[in-house]
Each structure stands twice: as structure tokens, then as C-alpha cells.
Amino acid sequence: MARYHRSEARAWARENLVGIVNCTIPSFTGDLQFLNEEAIRHDTRLAIEHGFAGTLGVSEVAITLPEYLDFLRVVKDEARDRLILVHHASFSTLEQNIEAVRGAEEAGAELVLLSYPPNFYPESEQEIYDYTKAVCDATNLAVMLFPMYLWGFSSRIHPSDIPVRLIRRLIDDCPNIGAIKAEGGFPSIQSVIECHRHFGDEVVISMPIEGELIPLSQIMPLQFSATSDHEYYGPMIPRTFNLLRDGKYDEAADIYWQLHPARKTKSNLGPALHGGNFINRQAWKFQGWLQGYNGGPLRQPTQRIHDAQMTALRKGLIDAGLEPSMDPFREFFIGRNPA
């Protein structure tokens, strides 16, 4: 259970949401019938070794709710208090998300990343408010709002996806909102700056994109980067974050430029890998595999990753002076801990 009460969620967030949060994608047995517990534990241990402050238990894969909650329990059991476990509130309906967030709280999650279902089609700010408040009211956990183009709100609601005036209402009315993952109007950086200016004294502002986090942290206070595929770079983003916190901006900038070839490669592959306003978790799992994470098969339906894309992602890391796995690509689809 969380180490704080609902009334303390915002204060807990400001004190404890410090660092870099990666993503842990569920791993399955080779026949895709069951969770692969040892593979999940492997990924959890490696995230700790790489210096991550927390991890998102990804739910946007083909997984049942009972399996997902078991997945969270395994991560929590392995990590104990060494990682902040983030629940991915990304199930199909409001009712399912309320059931899921209550189960995640019992499983040991301490923060909720709020998403919106693909079939949720709000035509007013009030509808977004009602959905968001219903989830917040259903849990004692701190909740991280997530303005983002993926929800499809910008054309009907506001170009920033969730406008400042609506965020203001939600913060006022939901005392357990403790953070904002500020990607509204992505790829613009206006959202993170606007959220910091309006709400930075009340809640934690997260910049999850490392390519924006490193430069912005040199001119504005950013204590949290959650959640993203930071594991593509192994331990480099937590290491850079620590330099930024220590005011060692030149050293952080050196790492920024070192990683730039890999960053550009990942960005250039984005349109092909992440079509349909959906994140390709297979690709993210491969990116982690390049840095020693488990990899392994995912169930249908899942997006695919092809040889040319895998080759490019690996070469990007090589060009950045890192040492990705050189194992044959076929090994990715088996995983490092086959079961």
C-alpha cells in the first residue's frame, strides 16, 4: 500500500517524485499463456541498477486485468522501496479503469499515470473533467495528469489538449493530483513551460522527453521525468539527471550531444513505428533489450518491428558511443529469460 494518505498525496509527490522513471513492459512465457515472472524481475533489477527512481507498469499490451495486477505485484515484490511503482491507467472504459486503479493501489503502486480510452470521445471540457475526477476520486493514490495529443482532444477541445483553465479546475477539485506529465501540444515545449508557470508551486511538473529535459533543466527547475522509454539509453538519462541536479550543466550538455545520433535515429523512426496515434510497445521492448532488458514475445494484437528498424536503433546507440547488445535479432523474440 502507498506510504501516504490521500490528503497527503500532493505533499508526498513534491517530496518524493524526484528522478527518472522508465517503462517496464510485461513479459510472457514463450507460448504467451502466462506471465514470465523471472523476466519481469530481471527487468526490475536492471532498472534499479541503471539508476531509475521509478518504473511504469505498462498496461497498453494484450493483458487481462488480473494478469496486469499480478505483474505489478511482481515488480513491487522485487523492487520493494527501491522504485516508485507507477500504475498505467490505460484500460478500455471508465469502469475498468476504476477497478484497475483500486487493484493497483492494493498491489503496491504509489502513483497513477492517467490516460484516456480510445473510445472516449469528449466534446467538451466538462466531459474530460468528469472522467478525470471520477478516476481521481476512486483512489487514494497521487495522480499524474497527462495532456497529450494521443487522446485526440486538440481538434475539438483545445490545441494544448487539456487547457490550463481545465487543469486549474482539476487541481482545485482533486487534492490527490500531484503531478502533470506536460506533453500538451506535443512536440511544442509550451505545455511544460505553461504548466510550470501556472502550477509549479503546487504540483510536480514532469518533462518525460529526455531531449527536452536536458536543455530545459538548465534554465528552469525540473525534478521529475516520467514516464518514457529512457531505458533505450541504459543508465545515461539517470546519470545526466544527477549532473543537472548538481548544476554540472556542461557535463550534462556533453552527454546530450553524445546521445544525439541515437536521439535522431529514434525520432526519424517515429512515424513508421508509432502510427495510428499508438505507441509501439514492441519497439520500446526492443530498445530495452538492446541495453540488457529481457525483451521477449508480446501477444497479438501488437505492432511489429522489422529488421531495418532494429538495425537502425542499434546503430544509433553505436554512433552515440554506447555498447548495445550485438546478439542476433531472433534472440529478442525469445527473451533473455525464456520460460
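Quantities reported herein were computed from a predicted structural model and do not represent experimental measurements.
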Has R14 got its NZ or CZ under 6.0 Å from the middle of the six-membered ring of F224, at an angle within 45 degrees of the ring axis?
no
Find out whether the Lys NZ or Arg CZ of R336 is both under 6.0 angstrom from the six-membered ring centre of Y293 and within 45° of the ring's axis.
no
Over 12 non-hydrogen atoms of neighbours within 6.0 angstrom of CD in E127:
yes
Checking Y116 now: which residues fulfil ring-ring contact (aromatic ring centres under 6.0 Å, His included) with it, not counting sequence neighbours?
F120, Y131, W151, F153
Could you work out, with ring-ring contact (aromatic ring centres under 6.0 Å, His included) as the rule, every residue matching F329, not counting sequence neighbours?
F286
Between F278 and H274, ring centroids under 6.0 Å
no
Decide, yes or no, whether a salt bridge links R165 with E125 under the criterion of side-chain N to carboxylate O below 4.0 Å.
yes
Once salt bridge (charged side-chain N to carboxylate O under 4.0 Å, His left out) is applied, do any residues pair with [X], and if so which ones, sequence neighbours excluded?
| X | answer |
| --- | --- |
| D246 | none |
| E210 | R263 |
| E212 | none |
| R299 | E67 |

Are a donor atom and an acceptor atom from the side chains of Q126 and D130 found within less than 3.5 Å of each other?
yes
Examine the side chains of E105 and T139 and answer whether a donor and an acceptor come within less than 3.5 Å of each other.
yes
Please name the residue in the list D43, T44, T55 that meets the side-chain hydrogen bond (donor to acceptor under 3.5 Å, both in side chains) test with T24.
T55
In Å and rounded to the nearest 0.5 Å, what is the CD1 to OG distance from I209 to S225?
7.5 Å
